[in-house]
Amino acid sequence: MALSDSEIHADARPAPPAVLFDVDGTLVDSNYLHVDAWQCAFAEVGIDVETWRIHRSIGMDGSTLVKSLSGNAPEDIQQRLKDLHSRYYNESSHLLRPLPGARALLHRVASLGLNVVLATSAPEDELALLRGVLDSDDVVAEVTSAGDVDTAKPKPDIIHVALRRAGVDNTRAVFVGDAVWDAEACARAHVPSIGLLSGGVSGEELENAGAAMVFENAANLLDHLGQTPIAHLLR
């Protein structure tokens, strides 16, 4: 059956602009649980790593983190570290909480007609925990996870996957994250990024890594949404 003009026009309509959100440290207060889990994992295999070095690595690709902090340990040790991290993180998952304003920000972005995309490289099991804590799947249009790329941030691959799933190019998207790795990945993908301090990284570092603006947390970003690159997407 032939399509009507209105149906053809509807099918040709471009996807709405998208706001891509990191999750750990951006929407959910999880970064320091990751630090603790990694610290326990490294201690269990007998590798001494200063806690501040672990914190500085949170948000980067997990395999890269393990390789770097373990001094490129043998593959079996690196895999054990990942498994131990997952175990300790899951044991502390009852402490996960949405960061201030996280849910309200997602709902506000969706109400503006923009697609909400969770552009994370978290493994599927961790992502399930985070989505449960956020309890905002009703406004989430697309989601990425660790299984979508071989290497995550600071490489831009996860950003490219998120853009494809949202059906937009880099001129019709903005990323919100908390780590220098987020900002660096976005700079490589030529996607404007907004930094949040809720992950424990300074505003100066986020700006130096490429963040266009920096806010305290999701609530602070929501209060100033009209002054950000997100508002520009509506124009």
Side-chain angles (χ1 to χ4, degrees), residues 20-70 77-106 118-137 140 143-148 152-154 158 175-183 185 195-203 205-206 215-221:
L20 317 180
F21 290 92
D22 176 58
V23 182
D24 281 304
T26 299
L27 300 174
V28 177
D29 198 0
S30 57
N31 278 11
Y32 292 93
L33 296 185
H34 280 297
V35 171
D36 184 63
W38 282 118
Q39 185 179 31
C40 291
F42 281 111
E44 187 157 330
V45 301
I47 297 177
D48 187 23
V49 180
E50 296 166 275
T51 308
W52 72 269
R53 294 187 186 278
I54 299 174
H55 177 255
R56 301 289 297 180
S57 302
I58 296 299
M60 73 160 54
D61 174 72
S63 295
T64 305
L65 179 152
V66 169
K67 184 176 182 178
S68 172
L69 294 181
S70 70
I77 297 298
Q78 292 190 38
Q79 185 57 54
R80 178 156 170 74
L81 283 166
K82 293 176 188 177
D83 293 342
L84 286 168
H85 164 265
S86 293
R87 189 184 92 194
Y88 287 121
Y89 180 74
N90 285 329
E91 288 175 358
S92 64
S93 62
H94 63 284
L95 297 172
L96 291 169
R97 296 290 184 273
L99 282 155
R103 288 175 180 150
L105 176 61
L106 295 183
L118 301 184
T120 174
S121 55
E124 286 289 349
D125 58 338
E126 292 180 16
L127 180 56
L129 291 172
L130 297 170
R131 292 175 74 170
V133 169
L134 269 177
D135 190 23
S136 297
D137 274 1
V140 174
V143 182
T144 68
S145 68
D148 292 319
K153 305 161 192 169
I158 204 73
F175 187 96
V176 180
D178 67 291
V180 294
W181 319 112
D182 296 326
L196 302 184
L197 302 180
S198 47
V201 178
S202 74
E205 288 176 291
L206 292 170
F215 296 92
E216 182 177 340
N217 53 24
N220 187 220
L221 170 56

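Positions are given from 1 along the sequence. What's counted below: heavy atoms across the whole structure, side chains too, no hydrogens, waters or symmetry copies.
Surrounding CZ of R103 are more than 12 heavy atoms belonging to other residues, nucleotides or ligands, all under 6.0 Å away. Within 6.0 Å of NZ in K82 there are more than 12 heavy atoms belonging to other residues, nucleotides or ligands.
Within the 4.5 Å cutoff, the side chain of R56 has heavy atoms near those of the E205 side chain. Using a 4.5 Å heavy-atom threshold, the side chains of V45 and L81 count as touching. V133 has its side chain within reach of P98: a pair of non-hydrogen atoms, C-beta onward, lies under 4.5 Å apart. Contact annotation: the side chain of D22 never approaches that of V176 to less than 4.5 Å [non-hydrogen atoms, C-beta and beyond]. Taking 4.5 Å as the limit, every side-chain heavy atom of L84 sits out of range of all side-chain heavy atoms of F42. A 4.5 Å side-chain heavy-atom check between H85 and E126 finds at least one atom pair inside the cut-off.
Separating the OG atom in S145 from the CG atom in L130 is a distance of 11.5 Å, to the nearest 0.5 Å. Atom OH of Y88 sits about 15.0 Å away from atom CG of L33, to the nearest 0.5 Å. Rounded to the nearest 0.5 angstrom, D125 CG and L129 CG are separated by 7.0 Å. Taking OG1 of T26 as the start and CG of L20 as the end, the distance is 11.5 Å to the nearest 0.5 Å. Taking CG of L118 as the reference point, atom CG of L127 lies at 7.0 Å (rounded to 0.5 Å). Here the straight-line distance linking atom OG of S198 with atom CG of L99 works out to 5.0 Å at 0.5 Å rounding.
Counting only N and O atoms by type, the side chains of D24 and N31 include no donor and acceptor under 3.5 Å apart.
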Practice item. Report the C-alpha separation of I58 and W181 in whole Å, then their side-chain angles, then the decisive distance to 0.1 Å, and conclude whether the side-chain contact (heavy atoms from CB on, under 4.5 Å) test is met. Key: CA-CA 9 Å; I58 296 299; W181 319 112; over 6 Å; no
Review point. What do the steps show when you test D182 against L206 for side-chain contact (heavy atoms from CB on, under 4.5 Å), and what is the final call?
Key: CA-CA 9 Å; D182 296 326; L206 292 170; over 6 Å; no
Review point. Would E44 and R87 count as a salt bridge (Lys or Arg N to Asp or Glu O under 4.0 Å) if you check the C-alpha gap in whole Å, the side-chain angles of each, and the deciding distance to 0.1 Å?
Key: CA-CA 12 Å; E44 187 157 330; R87 189 184 92 194; 3.6 Å; yes
Point to revise | T51 vs V35, side-chain contact (heavy atoms from CB on, under 4.5 Å): CA-CA, chis, key distance, verdict | key: CA-CA 7 Å; T51 308; V35 171; 3.5 Å; yes
Check your understanding: Step by step, would you call S57 with L69 a side-chain contact (heavy atoms from CB on, under 4.5 Å)?
Key -> CA-CA 9 Å; S57 302; L69 294 181; 3.9 Å; yes
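Nearest approach of G25 to S30, heavy atoms of both residues: N-OG, 3.6 Å. Taking each heavy atom of V66 and S70 in turn, the nearest pair found is O-OG, 2.6 Å. The shortest heavy-atom contact between Q78 and S63 is OE1-O, 4.4 Å. Closest heavy-atom contact between L96 and Y89: CD2-OH, 3.6 Å. A146 and S121 get closest at one heavy-atom pair: CB-O, 3.1 Å. Shortest non-hydrogen contact noted between L134 and S136 is O-OG, 3.0 Å.
R131 and E124 are not joined by a salt bridge, as no carboxylate oxygen comes within less than 4.0 angstrom of a charged side-chain nitrogen.
In terms of modelled atom types and a separation under 3.5 Å, the side chain of T144 and the main chain of T120 share a donor-acceptor contact.
Aromatic ring centres of Y32 and H55 lie closer together than 6.0 Å.
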